[in-house]
Amino acid sequence: MLGSGFIARFYADSLQAQRAKDTLISVYSRNIDKAKKFAEDYKLDFFSNDMDTVVGREDVDAVVISLPNNLHEAAVAACAKAKKHVLCTKPLGRNAGEAKRMLDMVEEAGIMGGYLEDLCYTPKFLKSMKSVKDGNIGKVLWAKSREAHPGPHSDWFWDHEQSGGGAMVDLGCHCVEIARNYIGKEIRPVEVMCWAATQVHPIKAEDSAIGLVKYANGAMGQFEVSWCFRGGMDLRDEVMGTEGTIWLNNFLRTGFEMFSTGKGGYVAEKAESNSGWLFPVGDEVHELGYTNMFTDMFNAIESKTEPLETFYDGYIVNAILDAAYLSAKTGKWEPVQIEGWRGDQSDDYGSNFASYNDDYYLIKKEILPHGENKLILKHKITGEVVARDV
(Lines give C-alpha, C1' and ligand atoms only; values in the text may rest on other atoms or scores of the structure.)
Protein backbone atom coordinates (compact mmCIF):
# COMPACT_ATOMS: atom_id res chain seq x y z
CA MET A 1 0.00 0.00 0.00
CA LEU A 2 1.40 3.38 -1.03
CA GLY A 3 -0.27 5.86 1.29
CA SER A 4 -1.71 5.61 4.78
CA GLY A 5 -4.60 8.06 4.80
CA PHE A 6 -8.37 7.95 4.42
CA ILE A 7 -8.63 6.11 1.09
CA ALA A 8 -5.79 3.73 1.96
CA ARG A 9 -7.75 2.59 5.00
CA PHE A 10 -10.91 2.14 2.94
CA TYR A 11 -8.92 0.02 0.50
CA ALA A 12 -7.28 -1.99 3.27
CA ASP A 13 -10.67 -2.72 4.83
CA SER A 14 -11.95 -4.15 1.57
CA LEU A 15 -8.91 -5.90 0.06
CA GLN A 16 -9.64 -9.31 1.58
CA ALA A 17 -13.42 -9.04 1.73
CA GLN A 18 -14.38 -11.49 -1.04
CA ARG A 19 -11.44 -13.56 -2.27
CA ALA A 20 -10.01 -14.11 1.25
CA LYS A 21 -6.58 -15.01 -0.13
CA ASP A 22 -5.00 -11.62 -0.78
CA THR A 23 -2.62 -10.38 1.89
CA LEU A 24 -1.62 -6.81 2.58
CA ILE A 25 2.00 -7.05 3.67
CA SER A 26 3.64 -3.61 3.62
CA VAL A 27 2.89 0.10 3.57
CA TYR A 28 4.69 3.25 2.44
CA SER A 29 3.96 6.70 3.81
CA ARG A 30 5.88 9.97 3.56
CA ASN A 31 5.34 10.23 7.33
CA ILE A 32 7.08 7.35 9.08
CA ASP A 33 4.88 7.66 12.17
CA LYS A 34 1.73 7.27 10.05
CA ALA A 35 3.30 4.31 8.26
CA LYS A 36 3.99 2.68 11.60
CA LYS A 37 0.46 3.32 12.87
CA PHE A 38 -1.05 1.90 9.67
CA ALA A 39 1.14 -1.19 9.92
CA GLU A 40 0.12 -1.71 13.55
CA ASP A 41 -3.59 -1.26 12.79
CA TYR A 42 -3.54 -3.75 9.91
CA LYS A 43 -0.88 -6.07 11.40
CA LEU A 44 1.56 -5.62 8.51
CA ASP A 45 5.07 -7.06 8.55
CA PHE A 46 6.82 -4.04 7.08
CA PHE A 47 6.50 -0.26 6.82
CA SER A 48 8.77 2.44 5.42
CA ASN A 49 8.97 6.02 4.19
CA ASP A 50 11.03 4.87 1.19
CA MET A 51 8.76 4.08 -1.76
CA ASP A 52 11.28 2.07 -3.79
CA THR A 53 12.00 -0.17 -0.81
CA VAL A 54 8.32 -1.04 -0.35
CA VAL A 55 7.61 -1.52 -4.06
CA GLY A 56 10.79 -3.51 -4.71
CA ARG A 57 10.26 -6.17 -2.03
CA GLU A 58 10.36 -9.70 -3.45
CA ASP A 59 7.15 -10.69 -1.67
CA VAL A 60 5.15 -7.88 -3.34
CA ASP A 61 3.10 -8.94 -6.37
CA ALA A 62 0.90 -5.85 -6.77
CA VAL A 63 0.96 -2.27 -5.51
CA VAL A 64 -2.02 -0.11 -4.58
CA ILE A 65 -1.54 3.66 -4.98
CA SER A 66 -3.49 5.69 -2.42
CA LEU A 67 -1.50 8.90 -2.65
CA PRO A 68 -2.32 12.52 -3.53
CA ASN A 69 -2.80 13.15 -7.26
CA ASN A 70 0.56 14.85 -7.77
CA LEU A 71 2.41 11.71 -6.58
CA HIS A 72 0.69 9.19 -8.86
CA GLU A 73 3.13 9.49 -11.75
CA ALA A 74 6.23 8.93 -9.60
CA ALA A 75 4.55 5.97 -7.89
CA VAL A 76 3.61 4.37 -11.23
CA ALA A 77 7.18 4.91 -12.42
CA ALA A 78 8.47 3.04 -9.35
CA CYS A 79 6.08 0.15 -10.03
CA ALA A 80 7.04 0.00 -13.71
CA LYS A 81 10.73 -0.04 -12.81
CA ALA A 82 10.16 -2.92 -10.36
CA LYS A 83 7.81 -4.73 -12.81
CA LYS A 84 4.99 -4.85 -10.23
CA HIS A 85 1.31 -4.74 -11.19
CA VAL A 86 -0.16 -1.42 -10.11
CA LEU A 87 -3.65 -0.37 -9.07
CA CYS A 88 -4.09 3.39 -8.90
CA THR A 89 -6.81 5.38 -7.18
CA LYS A 90 -8.79 7.90 -9.18
CA PRO A 91 -8.16 10.22 -10.95
CA LEU A 92 -5.26 8.57 -12.75
CA GLY A 93 -3.53 11.91 -13.36
CA ARG A 94 -4.01 15.59 -12.77
CA ASN A 95 -4.40 15.92 -16.54
CA ALA A 96 -4.34 13.78 -19.67
CA GLY A 97 -0.62 14.31 -20.21
CA GLU A 98 0.24 12.72 -16.87
CA ALA A 99 -2.27 9.92 -17.40
CA LYS A 100 -0.90 9.10 -20.86
CA ARG A 101 2.64 8.85 -19.50
CA MET A 102 1.44 6.46 -16.79
CA LEU A 103 -0.45 4.37 -19.35
CA ASP A 104 2.69 4.14 -21.51
CA MET A 105 4.80 3.15 -18.50
CA VAL A 106 2.69 0.14 -17.53
CA GLU A 107 2.28 -1.06 -21.09
CA GLU A 108 6.01 -0.80 -21.83
CA ALA A 109 6.77 -2.63 -18.56
CA GLY A 110 4.29 -5.41 -19.37
CA ILE A 111 2.43 -5.01 -16.10
CA MET A 112 -1.27 -4.52 -15.40
CA GLY A 113 -2.49 -1.01 -14.74
CA GLY A 114 -5.82 -1.14 -12.91
CA TYR A 115 -7.84 2.06 -12.52
CA LEU A 116 -9.54 2.05 -9.11
CA GLU A 117 -12.85 3.62 -10.13
CA ASP A 118 -14.95 2.23 -7.30
CA LEU A 119 -18.29 3.75 -8.32
CA CYS A 120 -18.22 1.62 -11.48
CA TYR A 121 -18.30 -1.45 -9.20
CA THR A 122 -21.20 -0.70 -6.85
CA PRO A 123 -23.81 -3.47 -6.72
CA LYS A 124 -26.51 -1.21 -8.14
CA PHE A 125 -24.27 -0.01 -10.95
CA LEU A 126 -23.21 -3.53 -11.96
CA LYS A 127 -26.84 -4.67 -12.00
CA SER A 128 -27.91 -1.64 -14.03
CA MET A 129 -25.07 -2.22 -16.51
CA LYS A 130 -26.27 -5.78 -17.06
CA SER A 131 -29.74 -4.40 -17.82
CA VAL A 132 -28.24 -1.99 -20.36
CA LYS A 133 -26.16 -4.73 -22.02
CA ASP A 134 -29.18 -7.02 -22.11
CA GLY A 135 -31.04 -4.35 -24.09
CA ASN A 136 -33.67 -3.61 -21.45
CA ILE A 137 -33.63 0.15 -22.11
CA GLY A 138 -32.63 0.09 -25.79
CA LYS A 139 -29.99 2.48 -27.10
CA VAL A 140 -28.70 4.81 -24.39
CA LEU A 141 -29.38 8.41 -25.40
CA TRP A 142 -28.43 10.28 -22.24
CA ALA A 143 -26.60 9.36 -19.03
CA LYS A 144 -26.33 11.70 -16.06
CA SER A 145 -24.27 11.16 -12.94
CA ARG A 146 -24.22 13.41 -9.88
CA GLU A 147 -21.84 13.44 -6.93
CA ALA A 148 -22.06 16.16 -4.31
CA HIS A 149 -20.90 16.43 -0.69
CA PRO A 150 -19.47 19.01 1.75
CA GLY A 151 -15.91 18.57 0.50
CA PRO A 152 -12.97 16.16 0.82
CA HIS A 153 -11.22 15.15 4.03
CA SER A 154 -7.55 15.86 3.29
CA ASP A 155 -5.87 19.23 2.88
CA TRP A 156 -4.13 18.37 -0.40
CA PHE A 157 -7.47 18.10 -2.24
CA TRP A 158 -7.98 21.82 -1.64
CA ASP A 159 -4.53 22.70 -3.05
CA HIS A 160 -4.86 23.20 -6.81
CA GLU A 161 -1.22 22.34 -7.51
CA GLN A 162 -1.34 19.00 -5.70
CA SER A 163 -4.80 17.93 -6.85
CA GLY A 164 -4.83 19.37 -10.36
CA GLY A 165 -8.25 20.96 -9.89
CA GLY A 166 -11.27 20.97 -7.62
CA ALA A 167 -14.59 19.18 -7.58
CA MET A 168 -14.34 18.27 -11.26
CA VAL A 169 -11.11 16.30 -11.03
CA ASP A 170 -12.14 14.83 -7.66
CA LEU A 171 -15.77 13.92 -8.34
CA GLY A 172 -16.22 14.48 -12.07
CA CYS A 173 -13.84 11.61 -12.82
CA HIS A 174 -16.42 9.26 -11.25
CA CYS A 175 -19.33 10.77 -13.13
CA VAL A 176 -17.61 10.84 -16.51
CA GLU A 177 -16.62 7.17 -16.29
CA ILE A 178 -20.08 6.12 -15.12
CA ALA A 179 -21.64 7.79 -18.18
CA ARG A 180 -18.98 6.27 -20.47
CA ASN A 181 -19.92 2.81 -19.27
CA TYR A 182 -23.62 3.35 -19.87
CA ILE A 183 -23.17 4.93 -23.31
CA GLY A 184 -20.47 2.47 -24.35
CA LYS A 185 -16.72 2.77 -23.85
CA GLU A 186 -16.19 2.01 -27.54
CA ILE A 187 -18.06 5.23 -28.47
CA ARG A 188 -15.70 8.18 -28.81
CA PRO A 189 -16.31 11.28 -26.65
CA VAL A 190 -16.23 14.19 -29.10
CA GLU A 191 -16.60 17.50 -27.27
CA VAL A 192 -17.50 19.06 -23.93
CA MET A 193 -19.42 22.09 -22.72
CA CYS A 194 -18.85 22.98 -19.08
CA TRP A 195 -19.68 25.56 -16.41
CA ALA A 196 -17.52 25.67 -13.30
CA ALA A 197 -17.33 28.12 -10.41
CA THR A 198 -15.87 28.71 -6.97
CA GLN A 199 -19.06 29.42 -5.09
CA VAL A 200 -18.25 28.97 -1.41
CA HIS A 201 -14.66 28.10 -0.53
CA PRO A 202 -11.60 30.42 -0.58
CA ILE A 203 -9.64 28.22 -3.00
CA LYS A 204 -8.14 28.57 -6.47
CA ALA A 205 -10.04 25.59 -7.91
CA GLU A 206 -13.74 25.13 -8.65
CA ASP A 207 -16.04 23.79 -5.92
CA SER A 208 -19.02 23.28 -8.27
CA ALA A 209 -19.40 22.28 -11.93
CA ILE A 210 -21.87 21.00 -14.51
CA GLY A 211 -20.77 19.53 -17.82
CA LEU A 212 -22.14 17.99 -21.01
CA VAL A 213 -20.12 15.42 -22.96
CA LYS A 214 -21.19 14.77 -26.54
CA TYR A 215 -20.44 11.33 -28.00
CA ALA A 216 -19.91 10.34 -31.63
CA ASN A 217 -23.15 8.33 -31.79
CA GLY A 218 -25.23 11.32 -30.65
CA ALA A 219 -25.54 10.25 -27.01
CA MET A 220 -25.02 12.81 -24.26
CA GLY A 221 -23.22 12.36 -20.94
CA GLN A 222 -23.84 14.82 -18.13
CA PHE A 223 -22.04 15.38 -14.84
CA GLU A 224 -23.01 17.45 -11.82
CA VAL A 225 -20.43 17.84 -9.04
CA SER A 226 -20.11 19.98 -5.94
CA TRP A 227 -18.12 20.39 -2.75
CA CYS A 228 -20.86 22.72 -1.46
CA PHE A 229 -23.68 20.22 -0.88
CA ARG A 230 -24.81 20.03 2.73
CA GLY A 231 -26.31 16.93 4.29
CA GLY A 232 -23.96 14.08 3.43
CA MET A 233 -22.90 12.49 0.15
CA ASP A 234 -25.33 12.47 -2.76
CA LEU A 235 -24.57 9.83 -5.41
CA ARG A 236 -27.21 9.48 -8.14
CA ASP A 237 -27.29 8.23 -11.73
CA GLU A 238 -29.99 8.52 -14.39
CA VAL A 239 -29.96 6.76 -17.74
CA MET A 240 -32.44 7.32 -20.56
CA GLY A 241 -32.73 4.87 -23.43
CA THR A 242 -35.01 4.40 -26.41
CA GLU A 243 -36.87 1.63 -24.58
CA GLY A 244 -36.58 2.54 -20.92
CA THR A 245 -35.08 4.50 -18.04
CA ILE A 246 -32.87 3.74 -15.02
CA TRP A 247 -32.67 5.78 -11.81
CA LEU A 248 -30.11 4.94 -9.13
CA ASN A 249 -29.64 6.44 -5.68
CA ASN A 250 -26.40 4.95 -4.42
CA PHE A 251 -25.73 6.49 -1.03
CA LEU A 252 -27.71 9.31 0.55
CA ARG A 253 -31.02 7.42 0.57
CA THR A 254 -30.14 3.83 1.34
CA GLY A 255 -33.33 2.51 2.88
CA PHE A 256 -31.61 2.64 6.28
CA GLU A 257 -32.70 5.56 8.47
CA MET A 258 -31.89 6.10 12.13
CA PHE A 259 -32.49 8.79 14.75
CA SER A 260 -29.82 9.44 17.37
CA THR A 261 -29.26 12.00 20.12
CA GLY A 262 -25.59 12.01 19.12
CA LYS A 263 -23.99 9.61 21.57
CA GLY A 264 -22.62 7.38 18.83
CA GLY A 265 -19.66 7.84 16.50
CA TYR A 266 -19.08 7.39 12.77
CA VAL A 267 -22.23 6.97 10.67
CA ALA A 268 -21.24 7.08 6.99
CA GLU A 269 -18.70 8.76 4.72
CA LYS A 270 -19.21 12.55 4.44
CA ALA A 271 -22.05 12.49 7.00
CA GLU A 272 -22.02 15.94 8.59
CA SER A 273 -23.58 15.00 11.91
CA ASN A 274 -24.04 12.07 14.27
CA SER A 275 -27.31 13.34 15.73
CA GLY A 276 -30.87 13.72 14.45
CA TRP A 277 -32.18 11.64 11.57
CA LEU A 278 -29.22 9.85 9.99
CA PHE A 279 -28.72 7.64 6.93
CA PRO A 280 -26.20 4.88 7.71
CA VAL A 281 -24.96 2.41 5.09
CA GLY A 282 -25.21 -1.30 5.77
CA ASP A 283 -21.83 -2.34 4.31
CA GLU A 284 -20.06 0.82 3.25
CA VAL A 285 -17.04 -0.65 1.46
CA HIS A 286 -19.30 -2.98 -0.51
CA GLU A 287 -21.96 -0.39 -1.34
CA LEU A 288 -19.24 1.96 -2.63
CA GLY A 289 -17.87 -0.81 -4.88
CA TYR A 290 -14.51 -1.47 -3.25
CA THR A 291 -14.89 -5.21 -2.71
CA ASN A 292 -16.14 -5.89 -6.24
CA MET A 293 -13.37 -3.65 -7.58
CA PHE A 294 -10.48 -5.48 -5.92
CA THR A 295 -11.98 -8.86 -6.78
CA ASP A 296 -12.04 -7.85 -10.45
CA MET A 297 -8.50 -6.45 -10.30
CA PHE A 298 -6.88 -9.50 -8.71
CA ASN A 299 -8.84 -11.93 -10.85
CA ALA A 300 -7.57 -10.05 -13.91
CA ILE A 301 -3.97 -10.30 -12.72
CA GLU A 302 -4.31 -14.05 -12.21
CA SER A 303 -6.07 -14.69 -15.52
CA LYS A 304 -3.84 -12.24 -17.45
CA THR A 305 -6.87 -10.35 -18.71
CA GLU A 306 -7.90 -6.72 -18.47
CA PRO A 307 -10.03 -5.55 -15.53
CA LEU A 308 -13.24 -3.62 -16.15
CA GLU A 309 -11.38 -0.37 -15.44
CA THR A 310 -7.87 0.12 -16.84
CA PHE A 311 -5.25 2.85 -17.05
CA TYR A 312 -6.53 3.49 -20.57
CA ASP A 313 -9.95 4.28 -19.10
CA GLY A 314 -8.30 6.61 -16.62
CA TYR A 315 -6.53 8.37 -19.48
CA ILE A 316 -9.79 8.88 -21.43
CA VAL A 317 -11.44 10.31 -18.30
CA ASN A 318 -8.57 12.78 -17.87
CA ALA A 319 -8.83 13.77 -21.54
CA ILE A 320 -12.55 14.51 -21.13
CA LEU A 321 -11.89 16.52 -17.97
CA ASP A 322 -9.15 18.51 -19.74
CA ALA A 323 -11.74 19.53 -22.34
CA ALA A 324 -14.18 20.39 -19.55
CA TYR A 325 -11.68 22.67 -17.82
CA LEU A 326 -10.93 24.41 -21.11
CA SER A 327 -14.64 24.82 -21.86
CA ALA A 328 -15.24 26.32 -18.42
CA LYS A 329 -12.72 29.03 -19.36
CA THR A 330 -13.82 29.68 -22.95
CA GLY A 331 -17.56 29.16 -22.59
CA LYS A 332 -17.50 27.11 -25.80
CA TRP A 333 -17.80 23.48 -26.82
CA GLU A 334 -14.23 22.16 -26.70
CA PRO A 335 -12.98 19.02 -28.49
CA VAL A 336 -11.72 16.02 -26.52
CA GLN A 337 -8.09 15.45 -27.48
CA ILE A 338 -7.25 11.73 -27.38
CA GLU A 339 -3.92 10.28 -28.46
CA GLY A 340 -4.31 6.73 -29.73
CA TRP A 341 -8.09 6.22 -29.56
CA ARG A 342 -8.79 2.48 -29.31
CA GLY A 343 -12.56 2.38 -29.73
CA ASP A 344 -15.01 2.60 -32.61
CA GLN A 345 -13.67 4.79 -35.41
CA SER A 346 -17.10 5.53 -36.89
CA ASP A 347 -18.56 9.03 -36.88
CA ASP A 348 -21.70 8.04 -38.79
CA TYR A 349 -24.13 5.95 -36.75
CA GLY A 350 -27.18 6.73 -38.88
CA SER A 351 -30.68 7.22 -37.51
CA ASN A 352 -32.57 5.02 -35.10
CA PHE A 353 -36.03 6.07 -36.24
CA ALA A 354 -38.66 3.38 -35.78
CA SER A 355 -40.63 2.45 -38.88
CA TYR A 356 -44.38 1.91 -38.69
CA ASN A 357 -44.59 0.63 -42.27
CA ASP A 358 -42.96 1.29 -45.64
CA ASP A 359 -44.41 4.80 -45.81
CA TYR A 360 -44.32 6.11 -42.24
CA TYR A 361 -42.04 6.49 -39.23
CA LEU A 362 -43.64 5.91 -35.83
CA ILE A 363 -43.30 9.01 -33.67
CA LYS A 364 -45.47 7.88 -30.76
CA LYS A 365 -48.06 5.33 -29.72
CA GLU A 366 -50.27 5.98 -26.71
CA ILE A 367 -53.44 4.94 -24.94
CA LEU A 368 -55.80 7.86 -24.27
CA PRO A 369 -57.84 8.25 -21.05
CA HIS A 370 -60.95 6.57 -22.50
CA GLY A 371 -59.05 3.58 -23.84
CA GLU A 372 -58.53 4.63 -27.44
CA ASN A 373 -55.18 3.81 -29.08
CA LYS A 374 -53.59 6.64 -31.00
CA LEU A 375 -50.60 6.77 -33.34
CA ILE A 376 -48.53 9.78 -34.36
CA LEU A 377 -46.81 9.09 -37.69
CA LYS A 378 -44.43 10.93 -40.04
CA HIS A 379 -44.34 10.29 -43.77
CA LYS A 380 -40.86 9.20 -44.83
CA ILE A 381 -40.85 11.25 -48.03
CA THR A 382 -43.10 14.27 -47.53
CA GLY A 383 -42.42 14.76 -43.82
CA GLU A 384 -46.14 15.17 -43.10
CA VAL A 385 -47.10 14.36 -39.49
CA VAL A 386 -50.47 12.67 -39.05
CA ALA A 387 -52.54 11.12 -36.25
CA ARG A 388 -54.39 7.83 -36.59
CA ASP A 389 -56.80 6.09 -34.24
CA VAL A 390 -56.39 2.33 -34.06
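Worth knowing before you read on, the calculation uses all heavy atoms, side chains too, and leaves out hydrogens, waters and symmetry mates.
Although no hydrogens or angles enter the test, the distance criterion places no donor-acceptor pair under 3.5 Å between the side chain of Ser14 and the main chain of Val285. Side-chain N or O atoms of Thr330 include one that pairs as donor or acceptor with a backbone N or O of Lys332 at under 3.5 Å. Looking at Asn318, its side chain never comes within 3.5 Å of a backbone N or O of Ala96 through a donor-acceptor pair. Distance alone, capped at 3.5 Å, is enough to place a donor-acceptor pair between the Lys90 side chain and the Asp170 backbone. The main-chain N or O of Val55 is found under 3.5 Å from a side-chain atom of Lys84 such that the two form a donor-acceptor pair. When atom types are taken as modelled, the side chain of Tyr315 and the backbone of Glu339 share a donor-acceptor pair closer than 3.5 angstrom. Put simply, the side chain of His72 gets close to the backbone of Leu92: a donor and an acceptor are under 3.5 Å apart. Remark: the backbone N or O of Cys194 is paired with a side-chain donor or acceptor of Ser327 at under 3.5 angstrom. For His85 (side chain) and Met112 (main-chain N/O), a donor-acceptor pair under 3.5 Å exists by modelled atom type. With hydrogens and angles disregarded, no donor-acceptor distance shorter than 3.5 Å links the side chain of Ser29 to the backbone of Ile32.
For CD1 of Ile367, the number of neighbouring non-hydrogen atoms (other residues, nucleotides, ligands) closer than 6.0 Å is 12 at most.
You'll find the side chain of Met168 reaches within 4.5 Å of the side chain of Phe223, heavy atoms only. A 4.5 Å side-chain heavy-atom check between Trp247 and Asn249 finds every atom pair outside the cut-off. Side-chain contact check for Asn70 versus Arg94: some heavy-atom pair is nearer than 4.5 Å. For the pair Ser26 and Arg57, the minimum side-chain heavy-atom distance is below 4.5 Å. The shortest distance between side-chain heavy atoms of Glu309 and Asn181 falls below 4.5 Å. Between Trp341 and Ile316 there is a side-chain heavy-atom pair separated by less than 4.5 Å. Looking at Ile137 and Val239, their side chains come closer than 4.5 Å, going by heavy atoms from C-beta outward. Two residues are said to be in side-chain contact when any heavy atoms from C-beta on lie closer than 4.5 Å; Met1 and Tyr28 fail this criterion.
Side-chain atoms of Glu206 and Thr198 form no donor-acceptor pair, as typed in the model, at a separation below 3.5 Å. With hydrogens and angles left out, the side-chain atoms of Asp296 and Tyr121 include a donor and acceptor closer than 3.5 Å.
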(message) Applying side chain to side chain contact (heavy atoms under 4.5 Å, CB included) to Ile203 and Trp227, what does each step give before you reach the verdict?
(response) CA-CA 12 Å; Ile203 57 173; Trp227 284 348; 3.9 Å; yes
(message) Set out, in order, the CA-CA distance, both residues' side-chain angles and the distance that settles salt bridge (Lys or Arg N to Asp or Glu O under 4.0 Å) for Lys81 and Asp52, then state yes or no.
(response) CA-CA 9 Å; Lys81 179 181 177 182; Asp52 289 330; 5.2 Å; no
(request) Apply salt bridge (Lys or Arg N to Asp or Glu O under 4.0 Å) to Arg9 and Asp13, showing your working. (result) CA-CA 6 Å; Arg9 289 178 175 272; Asp13 288 342; over 6 Å; no
(request) Begin with the C-alpha distance, continue with both residues' side-chain angles, and end with the deciding distance and a verdict on ring pair (Phe, Tyr, Trp, His ring centres under 6.0 Å) for Phe294 and Tyr11. (result) CA-CA 9 Å; Phe294 282 112; Tyr11 287 167; 5.3 Å; yes
(message) As a quick check of understanding, evaluate side chain to side chain contact (heavy atoms under 4.5 Å, CB included) for Asn69 and Ser163, giving each step before the final call.
(response) CA-CA 5 Å; Asn69 298 349; Ser163 64; 4.1 Å; yes
(request) Starting from the C-alpha separation in whole Å, work towards a yes-or-no answer on side chain to side chain contact (heavy atoms under 4.5 Å, CB included) for Thr89 and Tyr115. (result) CA-CA 6 Å; Thr89 191; Tyr115 181 47; over 6 Å; no
(request) Check the pair Val385 / Ile363 against side chain to side chain contact (heavy atoms under 4.5 Å, CB included), numbers first and verdict last. (result) CA-CA 9 Å; Val385 176; Ile363 295 178; 4.1 Å; yes
(request) Dump the intermediate steps for salt bridge (Lys or Arg N to Asp or Glu O under 4.0 Å) on Arg146 and Asp234, then the final yes or no. (result) CA-CA 7 Å; Arg146 166 182 171 83; Asp234 186 14; 2.7 Å; yes
(request) Test ring pair (Phe, Tyr, Trp, His ring centres under 6.0 Å) on Phe10 and Phe6 and set out the steps. (result) CA-CA 7 Å; Phe10 250 126; Phe6 176 83; 5.2 Å; yes
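Residues Val169 and Leu326 do not share a hydrophobic cluster, defined by chaining ILVMFWY side chains whose heavy atoms lie under 4.5 Å apart.
Pairs engaging residues 367-390 under the ring pair (Phe, Tyr, Trp, His ring centres under 6.0 Å) rule: Tyr360-His379 [sequence neighbours left out]. Sequence neighbours left out, not one pair with a member in residues 381-390 passes salt bridge (Lys or Arg N to Asp or Glu O under 4.0 Å).
In terms of heavy-atom proximity, Asn274 sits nearest to Ser260 at O-OG, 3.6 Å. Contact between Ser226 and Phe229 at its shortest, heavy atoms only, is OG-N, 3.7 Å. When all heavy atoms of Leu2 and Leu67 are compared, the closest pair comes out as O-CG, 3.5 Å. The two atoms that bring Leu308 and Leu126 nearest to each other are CD1-CD2, 4.4 Å, heavy atoms only. Nearest heavy-atom pair across Ser128 and Ile246 is O-CD1, 3.9 Å. When all heavy atoms of Ala328 and Ala196 are compared, the closest pair comes out as CB-CB, 3.9 Å.
Between Glu191 and Lys214 a salt bridge is recorded (basic side-chain N to carboxylate O distance below 4.0 Å). A salt bridge links Glu161 with Lys204: the closest approach of a Lys/Arg side-chain nitrogen to an acidic carboxylate oxygen falls below 4.0 angstrom. Ionic pairing of Asp104 and Lys100 is present here: one or more N-O contacts between side-chain nitrogen and carboxylate oxygen are shorter than 4.0 angstrom. At a threshold of 4.0 Å, the pair Lys144-Glu238 counts as salt-bridged, since one of the basic side-chain nitrogens sits closer than that to a carboxylate oxygen. In summary, Lys37 and Glu40 do not engage in a salt bridge, as defined by a charged side-chain N under 4.0 Å from a carboxylate O. Salt bridge annotation for Glu186-Arg342: absent, with no cationic side-chain nitrogen under 4.0 angstrom from a carboxylate oxygen. A salt bridge between Asp313 and Lys185 is present, with a side-chain N of the basic residue lying under 4.0 Å from a carboxylate O of the acidic one.
Note that the CG atom of Asp322 and the CD atom of Gln337 stand 9.5 Å from one another [nearest 0.5 Å]. With rounding to the nearest 0.5 angstrom, the CG atom of Leu362 is 9.0 Å from the OG atom of Ser355. Separating the NZ atom in Lys124 from the CG atom in Asp237 is a distance of 10.0 Å, to the nearest 0.5 Å. The CD atom of Glu147 lies 9.5 Å from the CG atom of Asn250; values are rounded to the nearest 0.5 Å. In this structure, CG on Asn49 lies 10.5 Å from CE on Met51, to the nearest 0.5 angstrom. To the nearest 0.5 Å, atom CG of residue Asn136 and atom CD of residue Glu243 are 10.5 Å apart.
Taking the ring centre of Phe298 as origin, the terminal cationic atom of Arg19 falls outside the region bounded by 6.0 Å and 45° from the ring axis.
Not a single ring pair (Phe, Tyr, Trp, His ring centres under 6.0 Å) links Trp142 to another residue, sequence neighbours left out.
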